[in-house]
Novice: 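I am attaching a structure below and will ask some questions about it afterwards.
Sequence lines set the chain letters: A, B, ... in the order given, protein chains first and strands last, and positions in each chain run from 1.
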Amino acid sequence: MRVAIVGAGCTKLGEHWMKSLRDLSTEAGALALKDAGIDGKKIQSLYIGNMSAGRFIGQEHLGALAVDQAGLNPIPATRCESACASGALAFRKAYLSILSGEYDIVMAGGAEKMTDIKGSGAIATLMGAGDQEWESSVGLTFVGLYAIMAKAYMEKYKLTRKELSLVPVKNHKHGLNNPYAQFNYEITTDDVLRSPIIADPLRLLDCSPITDGAAAVVLVSERIAKKFKNPIWILGSGQASDTLALHNRKSLTEIPATKIAARKAYEQAKVKPKDIDIAEVHDCFSIAEILAYEDLGFSERGKGKELLLKKDAMIGGRIPVNTDGGLKMGHPVGATGIKQIVEVVKQLRGEASNQVRNARVGLTHNIGGSGASCLVHILGRE
Amino acid sequence: MPYKSVPLFWRLKKPKYNLTGTKCTKCENVYFPPRNLCPACRRSGDIQELQLSGKGKILSYTIIRTPPEGFEHYVPYAVAIIRLDEGTNITGQVVGDIEKIRTGKRVRPVFRKMHEDGNDGLIHYGLKFELVD
Ligand SMILES: [Zn+2]
């Protein structure tokens, strides 16, 4: 049996001072239903990705909140949490629930409200994705974890600070016309190099922002999909886990969970990295995008920067990456994995703001923590 | 950050203040932070306490300039992943002249104040590291 995506929606990403988590989640759900052209009452089950509403806004029990606010009681509702990969986890759970034969029409969403607490509180909350007892307790931050990886990678593979800056420069350029982006402006490598150091060697413009936002998609079984004009098929889904703490990994310059999740997704989809026409990868910090190129097989180990230097990862290049600007254009942690799916669906339908010509196969890559969880999905049009 | 309770620190005092890790006598793997189950041997493993020296070398590091709650008074500070001589890794702050920190340099443990739970909360102490020369 196959499963298709028939509706996709995303709220504007940014600092939504006048919208709550519940407002954002219903807004995204309604956008996805409108896009699918179906009534909410057709939804049989709902999965919502959220990392830490308990610490961001003091609210738990998000499955119940989401269906209550949407007027969808009494359907089953499940919150999925896998740190920054919570969105992709909700998507995979929705996909598996249809494959199980239990449901035909399921919604997968993600939502996060990060700006109701002050910045240092958000930084501490995000670090909940790391090891609380042995990483957070010594003052390490999330950007710090990726900075440690960046330092190791730069020294091992002779990546320069200027070359690393090409990641956010590309992503800002790609996000220029993205209607839901938190930012719509271009930057230069000099801008990156002049921005404040957050955790050496990473600077402010290397970091994804703190964002409020939500996204949702409607998944249907093959039987139902025939009634929709432009279904996008889920060709492969992979998920893998690794040590919670970065210090327990054998290498600081690769993310094995990505490699394993990607291998599973490629095998199921019967495609190879060279068959991918567009990829949305988890560029929470600049170095993460370069690691993703290598772990996903778009580039040889240590040569990820060539995709940037040769413009291969740009629109028009061999493998355009983060065509909507990626996480740099907003990272509402629990919603990000769904937002990536929304962008790939738009690309495969030919409706994206920064369209890849004739895109047929797309990939999403969503990481939790410093690589302790990873989900990779491959989507394709008919 | 929510205020932490005393039992948390009581529970962690051996590893946190004495750097006590564990070792699986079956596969010889050393674990720090301590694990009560060997992930390699699982239930057939045999976990024993192991006193670590805290001496090792820096694998990679960062200098934190934007801190989380509770660490505002300490910036900039260095955090490194350290390969201990016993063959396991630990994440820790490296104190002293942070400009002299480099990958591969040797470190040893020192006892220092870590952070405070606000003005009326606990003051947390723990192990940090300093460059050997
Ligand atoms: Zn063992």
Side-chain angles (χ1 to χ4, degrees), chain A residues 54-55 58 117-128 130-156 195-204 207 210 241-253 285 287 370, chain B residues 1-2 4 8-9 11-12 15-16 21 29-35 39 56 58-84 88-95 98-99 101-104 112-115 124-129:
Chain A
R55 284 190 64 167
I117 55 173
K118 59 181 182 174
S120 61
I123 291 169
T125 298
L126 289 169
M127 197 52 208
D131 187 324
Q132 274 297 309
E133 288 186 355
W134 302 104
E135 291 180 329
S136 319
S137 61
V138 299
L140 193 53
T141 56
F142 237 82
V143 53
L145 281 165
Y146 278 89
I148 286 172
M149 288 191 257
K151 172 86 73 183
Y153 186 100
M154 290 164 82
E155 289 180 359
K156 184 168 181 182
S195 67
I197 299 174
I198 305 296
D200 182 61
L202 298 180
R203 291 171 178 266
L204 182 64
C207 303
I210 286 169
S241 308
D242 200 351
T243 64
L244 184 64
L246 180 63
H247 58 229
N248 284 136
R249 311 255 172 86
K250 284 198 178 69
S251 164
L252 298 175
T253 53
F285 304 101
I287 188 64
S370 61
Chain B
M1 195 182 287
K4 288 171 180 161
L8 168 65
F9 295 94
R11 185 171 80 240
L12 291 176
K16 249 195 171 111
N29 282 346
V30 173
Y31 298 109
F32 191 90
R35 289 174 183 257
I58 294 171
L59 290 183
S60 187
Y61 66 98
T62 181
I63 314 280
I64 303 283
R65 291 178 192 273
T66 302
E69 269 175 341
F71 290 86
E72 292 88 343
H73 301 318
Y74 303 91
V75 285
Y77 56 89
V79 180
I81 292 183
I82 294 152
R83 182 74 172 166
L84 297 175
T88 188
N89 297 347
I90 181 172
T91 301
Q93 283 193 25
V94 180
V95 297
I98 57 175
E99 297 301 323
I101 298 173
R102 294 287 179 275
T103 300
R112 289 284 191 278
K113 186 157 93 174
M114 297 298 282
H115 64 98
H124 303 291
Y125 288 84
L127 290 173
K128 296 186 181 181
F129 295 83

Novice: So what's closer than 4.5 Å to chain A heavy atoms on B/Y77: side chain, backbone, both or neither?
Specialist: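 The answer is the side chain of B/Y77.
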Novice: Would you say the side chain of B/K16 lies within less than 4.5 Å of the side chain of A/S137, judging by non-hydrogen atoms?
Specialist: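 A side-chain contact under 4.5 Å exists here.
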Novice: Checking side chain to side chain contact (heavy atoms under 4.5 Å, CB included) for the pair A/I197/B/I63: CA distance, chi angles, key distance, verdict?
Specialist: CA-CA 9 Å; A/I197 299 174; B/I63 314 280; over 6 Å; no
Novice: Counting heavy-atom pairs under 4.5 Å with chain B, which one of A/K118, A/E155, A/M127 comes out on top?
Specialist: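 The residue among A/K118, A/E155, A/M127 with the greatest pair count is A/E155.
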Novice: Rounded to the nearest 0.5 Å, how far does CE of A/M149 lie from CD1 of B/I81?
Specialist: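 So the gap between those two atoms works out to 8.0 Å.
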Novice: Let me confirm one number: the OH-CG distance from B/Y61 to A/D200, rounded to the nearest 0.5 Å.
Specialist: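 Taking OH in B/Y61 and CG in A/D200, the distance rounds to 6.5 Å.
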Novice: For chain A, which of B/L59, B/N89, B/T62 has the most heavy-atom pairs under 4.5 Å?
Specialist: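 Option with the top pair count is B/T62.
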Novice: Measure B/R35 against the heavy atoms of chain A and call it side chain, backbone, both or neither at under 4.5 Å.
Specialist: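 Only the side chain of B/R35 comes within 4.5 Å of chain A.
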Novice: Just how far is it from atom OG1 of B/T91 to atom CG of A/L246, taken to the nearest 0.5 Å?
Specialist: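 With rounding to 0.5 Å, OG1 (B/T91) is 6.5 Å from CG (A/L246).
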Novice: Is it the backbone or the side chain of B/P76 that comes under 4.5 Å from a heavy atom of chain A, or both, or neither?
Specialist: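 Nothing of B/P76, per the 4.5 Å heavy-atom cut-off to chain A.
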Novice: Can you give me the closest heavy-atom contact between B/I64 and A/G139, atom names plus distance?
Specialist: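 Nearest heavy atoms, B/I64 then A/G139: CG1-O, 4.1 Å.
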Novice: Can you give me the closest heavy-atom contact between B/P67 and A/T141, atom names plus distance?
Specialist: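 Minimum heavy-atom separation between B/P67 and A/T141: C-CG2, 4.4 Å.
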Novice: Heavy atoms only: give me the nearest A/A152-B/S60 pair and the separation to one decimal.
Specialist: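 The pair with the smallest heavy-atom distance is N-OG, 3.4 Å.
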Novice: If you tally heavy-atom pairs under 4.5 Å against chain B, which of A/I117, A/V138, A/V143, A/L145 wins?
Specialist: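 Option with the top pair count is A/V138.
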Novice: Within the structure provided, determine whether A/H247 and B/P33 are in side-chain contact (heavy-atom separation under 4.5 Å).
Specialist: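 SC-SC contact between A/H247 and B/P33 confirmed.
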Novice: Under a 4.5 Å cut-off applied to non-hydrogen side-chain atoms, are A/P196 and B/R65 in contact?
Specialist: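 The answer is no, as the side chains (C-beta and beyond) never meet within the 4.5 Å cut-off.
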Novice: Under a 4.5 Å heavy-atom cut-off, does chain A meet the side chain of B/I90, its backbone, both or neither?
Specialist: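 Contact with chain A: backbone only.
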Novice: Please look at B/R11 and chain A and tell me whether the side chain, the backbone, both or neither of the residue comes under 4.5 angstrom of a heavy atom of that chain.
Specialist: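 Answer is side chain: those atoms of B/R11 sit under 4.5 Å from chain A.
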